[in-house]
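Note that the structure is predicted; figures quoted are calculated from it, not measured.
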Amino acid sequence: MDYIFEFVKQNEFTIATCILIGAYISIAIEKIPKAVTALIGASLIVVLKILDQHEAFKFIDFNVIFLLTGMMIIVNVTQKTGVFRWMALETVRFAKGHPVKILVIFSIITAVFSAFLDNVTTVLLMAPITLVVAKEQKISPFPYFISEILASNIGGTATLIGDPPNIMIGSAAGLNFMDFLIHLTVPVVIIFIIFMAMMYFIFRNQLVVDTERMEELSKIDNSHSITDYKLLKICLVVLFFVILGFIFHGKLHYEASTIAMAGASILLIFESPKEIIEEVEWTTIFFFVGLFIIIGGVEKVGLIEILAEEALNLTNKDLTMTTILILWVSAILSAIIDNIPYTATMIPMVEHLGNYMDAAPLWWALALGACLGGNGSIIGASANVIVCDISTSAGYPIRFMTFLKYGIPVMIMSLIISTIYLYIFYL
């Protein structure tokens, strides 16, 4: 055994890299469930002592885990009131049953909510509404889900609290909420408009509901959708304070996960905890646990740092080339690995480069790349994984390779717009 561990120690960079590549190939092929793949990879990282048990637990971002769990509980309790069905049918009535109009409305709501909450919370709120609408229209929710995933990552790019990388960048660079809003709103709005045109072009033939059905949907009776007004009032009060907590969590000195779990705990008083907790998407939770440990392993052996440093050396610290390279490399790597450890690795590098050049364009390039790169693959952002799992549970699986057909064109378009924006205004 000592010989094996000595061999691993001498070759841990290669072994950790192979585990990462093997995990992503398995996720792409989808012969084994994503959560199982991630847990096997994480187990190998720990069993081979690339990370010891204590190090592995340190790499698990429990803020993400508890935020996900807390919001899933809040959504599950709120769903019991029937309010999601009510919201869904009101949207259908407003759009007169027209699926393309509904796609646009849902995408706008998702993008705006993702900017002022976070994209994980937003998709958890939107998913049950989407399923109800698709069921009433008798069509697949697939186009709606794809659009909501992509819209959530685009909208979350615009603000400090919209995506975790922005929170990390804001803290390191001393940037506040208004800084992000002022500097990133313009490219995000342009990207979103073009994105909506792309979604219309791609899904126009799939979003078809016959005229008779649309007429029926526009007159649908929505008066009995809400089944528990008392619980709804409690849920809305709790949700209001949870959202308020998210907005001011920096000043309150609480993590978003603490606020979400506090709200979830209160709501569990009014419903059966066993039933609600059983409905949490535990496969998603364990997927993230495993993925955090795998990424922690390759981060420890220096793979992420080597990739980033080699990319930056290519530019000879030229501001224009460095900014554009950070944007594109951040997006590509964020589509392949979780953007949180990547951003954590890049922050000290950007701070160091700030000694030789203007750091402002570099910070905005990092923010745009890390957030918009989340659209590059299913595993590029937490929201992607969650929606895909919910869609699969509802009987409409979103495959890894299928998602690439929609995500990559949107990501490339977003990066081209971001490149033009950074070049005109900062370079």
Identified side-chain contact (heavy atoms from CB on, under 4.5 Å) counterpart of Val410 within the set Ile154, Asn153, Ile191: Ile154
Donor-acceptor pair, side chain of Ser26 and main chain of Gly22, under 3.5 angstrom: no
Side-chain heavy atoms of Leu267 within contact of Ile73, under 4.5 Å: no
Any side-chain heavy-atom pair of Thr159 and Asn166 under 4.5 Å: no
Whether Lys300 side chain and Ile50 backbone form a donor-acceptor pair below 3.5 Å: yes
Polar side-chain atom of Ser152 near backbone of Thr110 as donor-acceptor pair, under 3.5 Å: no
CE/Met87: more than 12 non-hydrogen atoms of other groups inside 6.0 Å: no
Parallel, tilted or perpendicular, as decided by the 30° and 60° cut-offs, for the rings of Trp364 and His183: parallel
Whether over 12 other heavy atoms sit under 6.0 Å from Phe62 CZ: yes
Donor-acceptor contact below 3.5 Å, side chain Thr402 vs main chain Ile398: no
Tyr24 and Phe400 aromatic centres sub-6.0 Å: no
Note, Pro33 side chain near Thr283 side chain (heavy atom, < 4.5 Å): no
Approximate separation, where rounding is to 0.5 Å, of Leu124 CG and Gln79 CD: 11.0 Å
Asp318 side chain to Met321 backbone, donor-acceptor under 3.5 Å: yes
Trace of the side-chain contact (heavy atoms from CB on, under 4.5 Å) decision for Ile108 with Phe192: CA-CA 9 Å; Ile108 292 171; Phe192 183 80; 3.8 Å; yes
Closest non-hydrogen atom pair between Pro165 and Cys371, with its separation: CB-SG, 4.4 Å
Output field: ring centroids Phe142/Phe145 closer than 6.0 Å: no
Tyr426 and Trp363, any side-chain heavy atoms less than 4.5 Å apart: no
Any donor-acceptor pair under 3.5 Å from Ser391 side chain to Val387 backbone: no
Stepwise side-chain contact (heavy atoms from CB on, under 4.5 Å) check, Ser107 with Met199: CA-CA 10 Å; Ser107 297; Met199 290 300 98; 5.6 Å; no
Min side-chain heavy-atom separation Phe180-Leu175 under 4.5 Å: yes
pair Pro99-Gln137: side-chain heavy atoms closer than 4.5 Å: yes
CD-CD1 distance between Glu12 and Ile45, expressed to the nearest 0.5 angstrom: 9.5 Å
Check against side-chain contact (heavy atoms from CB on, under 4.5 Å), Leu131 and Ile390: CA-CA 9 Å; Leu131 287 172; Ile390 291 171; 4.2 Å; yes
Glu90: partners by salt bridge (charged side-chain N to carboxylate O under 4.0 Å, His left out), with sequence neighbours left out: Arg93
Candidates Val100, Ile102, Ile202 - the one meeting side-chain contact (heavy atoms from CB on, under 4.5 Å) with Leu207: Val100
Heavy-atom check, side chain of Leu422 versus side chain of Pro187, under 4.5 Å: no
Asn375 CG to Leu150 CG distance, which is reported to the nearest 0.5 Å: 4.5 Å
Backbone N/O of Ala335 and side chain of Ser377: donor-acceptor pair under 3.5 Å: yes
Point-to-point distance, once rounded to the nearest 0.5 Å, from CE of Met198 to CZ of Phe203: 10.5 Å
Between Thr81 and Trp86: side-chain donor-acceptor atoms closer than 3.5 Å: no
Heavy-atom pair of closest approach, residues Leu51 and Ala56: CD1-CA, 4.1 Å
Nearest heavy atoms of Phe106 and Thr91, plus distance in Å: CE1-CG2, 3.5 Å
Shortest non-hydrogen contact between Pro141 and Thr130, atoms and distance: CB-CG2, 4.3 Å
Gap between atom CG of Leu372 and atom CH2 of Trp328 - 0.5 Å precision: 11.0 Å
Side-chain donor or acceptor of Glu55 paired with backbone N/O of Asp52 under 3.5 Å: yes
Arg204: partners by salt bridge (charged side-chain N to carboxylate O under 4.0 Å, His left out), with sequence neighbours left out: none
Side chain to side chain, Phe292 and Ile65, heavy atoms closer than 4.5 Å: yes
Test side-chain contact (heavy atoms from CB on, under 4.5 Å) applied to Asn384 and Ile379, Ile146, Ile149, Val123, the passing residue: Ile149
Closest non-hydrogen atom pair, Pro128 against Val75: CG-CG1, 4.1 Å
Interatomic distance, Ser418 atom OG to Leu327 atom CG [nearest 0.5 angstrom]: 5.5 Å
Closest heavy-atom pair and its distance - Ser147, Phe195: O-CZ, 3.4 Å
Intermediate values then yes/no, side-chain contact (heavy atoms from CB on, under 4.5 Å), Lys34 and Asp389: CA-CA 10 Å; Lys34 294 192 295 290; Asp389 282 352; 3.3 Å; yes
